[in-house]
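Worth saying up front: this structure is predicted, and the values here are computed from it rather than measured.
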Amino acid sequence: MMKFFAALSLVLCSILLSSCVKSNKVLSISETKLFSLDYGNFEEQLNIFNVTKTGAINTSIAMRDGFFYVVNGETRKILSLNSYGDLLALYYSEDFYSGNREGLKNRAQTSMWKPVSYPFFLNGKIAVDSRKYMYAVGIVPKERNEQDEKENLLYSQVVLRFSSDGSVIDYIGQQGPGGTPFPNIKNIYTTENNELVVVCSTNDGLCAYWFGVNGFLRYQIPVKLSSIPRITPESVNVSASPNDLYITIENIVPDCYAGQLYIKVDYYFSHTDIESKTQSGIDYVKTLVYPLNIETGVFGESVNISSYEDSVTEDFSKLVYHMPYDFWGITRNNWMFFVVTTESGFNVQMIQPGTQNVIKRNLAVDFKDVIYYSLSLSSEGIISALLCDKDSAKVVWWRTDNLIDSVLKS
């Protein structure tokens, strides 16, 4: 009898663990704090909250193989650090720190300082490939901006390319090294083949520029709203006209190995008030991710992405809201990561296309002390974050790679 109950317990445990992959039950995983960075103008400090300037904060973080790269656009420098917070290299704008500007006083005394002669303002986006080549998005001076009057686009951004020894190789534009600046860059990615992919916003969608290892353009892939497959109201149980459909291309992410892009599309239908019979807004109804073959330009079979659900209880009634996740990236093990910010932190959905494997987890963050944050996803599936409060900026990570391995083995 004891053997029977022991065997039964093992069976129940295995069923419970395997169902974690396929169920929508959301659990929290704890963060690991690695190190902190103080605020200030000196080499190992960040200057983020400059009260004399307005606009977006241009500071972000990336992690590759346990090494961290922090772009501090406000002071035009990039910090390379290990997982203990030790400064390994510092890249700085030679023009910005010329003269008597405060900070980097000892830069001439060590090989750790890497001057950048290109007069670019760093806007915070950064990526690193397996060779430790670093790519950082920069905004060129106004006199070097170009205007496309036909498309009504401003070409003002380029990608600085650094070699593994810290020297600046060149900057990459639309055609490759020294090319025409890009329109607004939404994201940059590196593949496992050490190729760079730049995703830009256009007036009618997004456009991906895929560069070879040598930095020269291989493919330019415009993804226009008019090319996206449409859905019918009946397919999502909505009472509306097909003409009431609205489509947004939220993001484009390259495959780590194969020559394809993943296009995340959010679908909306206009909402009609029942009593007044007038259009009163639009409702989110569905998210699909389409693989796109960059050789043929043909869409593959779509992957359905469930929405994030939030509920509000008021006057004995419960309202459920659906929100689309942001498409974050795809790992070398072919797991798609999606994220949405909530009141309690970040809700992450991990999906393995072609299987029924779906994992959802909460990354708990106390936002009452966080003034600014930046997230990063590594190719292994490790989530890192730069969490800034009023006193310092701490670097943490969540080992979601270990979570995936343990759940799949169970």
Mind checking whether I231 and V285 have side chains closer than 4.5 Å, heavy atoms only?
yes
Give the minimum heavy-atom separation between P324 and V340, together with the two atoms involved.
O-CG2, 4.5 Å
Side-chain donor-acceptor pair under 3.5 Å between Y284 and D266, yes or no?
no
Got a donor-acceptor contact below 3.5 angstrom from the N193 side chain to the E195 backbone?
no
Main-chain N/O of I139 paired to S156 side chain as donor or acceptor, under 3.5 Å
no
Heavy-atom check, side chain of V128 versus side chain of Y135, under 4.5 Å
no
Taking the side chain from N194 and the backbone from S130, do they hold a donor-acceptor pair closer than 3.5 Å?
yes
With the side chain counted from C-beta on, respond yes when T400 and F337 share a heavy-atom pair under 4.5 Å apart, and no when they do not.
yes
Is there a donor in the side chain of R332 and an acceptor in the side chain of S379, or the other way round, less than 3.5 Å apart?
yes
Could you check if a side-chain atom of S201 sits within less than 4.5 angstrom of a side-chain atom of L206, using non-hydrogen atoms only?
yes
So, D255 versus Y262: side-chain donor-acceptor pair below 3.5 Å or not?
yes
Distance (rounded to the nearest 0.5 Å) between I252 CD1 and I263 CD1:
4.0 Å
Can you tell me if Q349 and S306 form a side-chain donor-acceptor pair at under 3.5 Å?
yes
For the pair E94 (side chain) and V116 (backbone), establish whether a donor and an acceptor sit closer than 3.5 Å, ignoring hydrogens and angles.
no
Working for salt bridge (Lys or Arg N to Asp or Glu O under 4.0 Å), residues R399 and D401
CA-CA 5 Å; R399 293 301 302 266; D401 59 330; 2.8 Å; yes
Return the minimal non-hydrogen interatomic distance between P353 and N334, and the atom names on each side.
CD-O, 3.2 Å
P181 side chain near R144 side chain, heavy-atom distance below 4.5 Å:
no
Grab the two heavy atoms, one from L46 and one from A393, that are nearest each other, plus how far apart they are.
CD1-CB, 4.1 Å
In terms of relative ring orientation, are Y325 and Y308 parallel, tilted or perpendicular, with 30° and 60° separating the classes?
perpendicular
Side chain N333, main chain W335, donor-acceptor under 3.5 Å
no
Distance only, no hydrogens: is a donor on one side chain within 3.5 Å (strictly under) of an acceptor on the other, for T59 and N72?
yes
Would you find a donor on one side and an acceptor on the other, under 3.5 Å apart, between the side chain of S406 and the backbone of N402?
yes
Is a side-chain donor or acceptor of N41 paired with a backbone partner of N47 at a separation under 3.5 angstrom?
no
Hey, does E31 have a side-chain heavy atom less than 4.5 Å from the side chain of L363?
no
Find out whether M350 and I404 are in side-chain contact, i.e. whether some heavy atom of one side chain is under 4.5 Å from a heavy atom of the other.
yes
Has K186 got a side-chain atom pairing as donor or acceptor with E250's backbone, closer than 3.5 angstrom?
yes
Donor-acceptor contact present, side-chain S384 to main-chain S376, <3.5 Å:
no
Can you check whether L217's main-chain N or O pairs, donor with acceptor, with Q175's side chain at less than 3.5 Å?
no
Please tell me whether Y373 and F346 form a close aromatic pair, meaning their ring centres lie under 6.0 Å apart.
yes
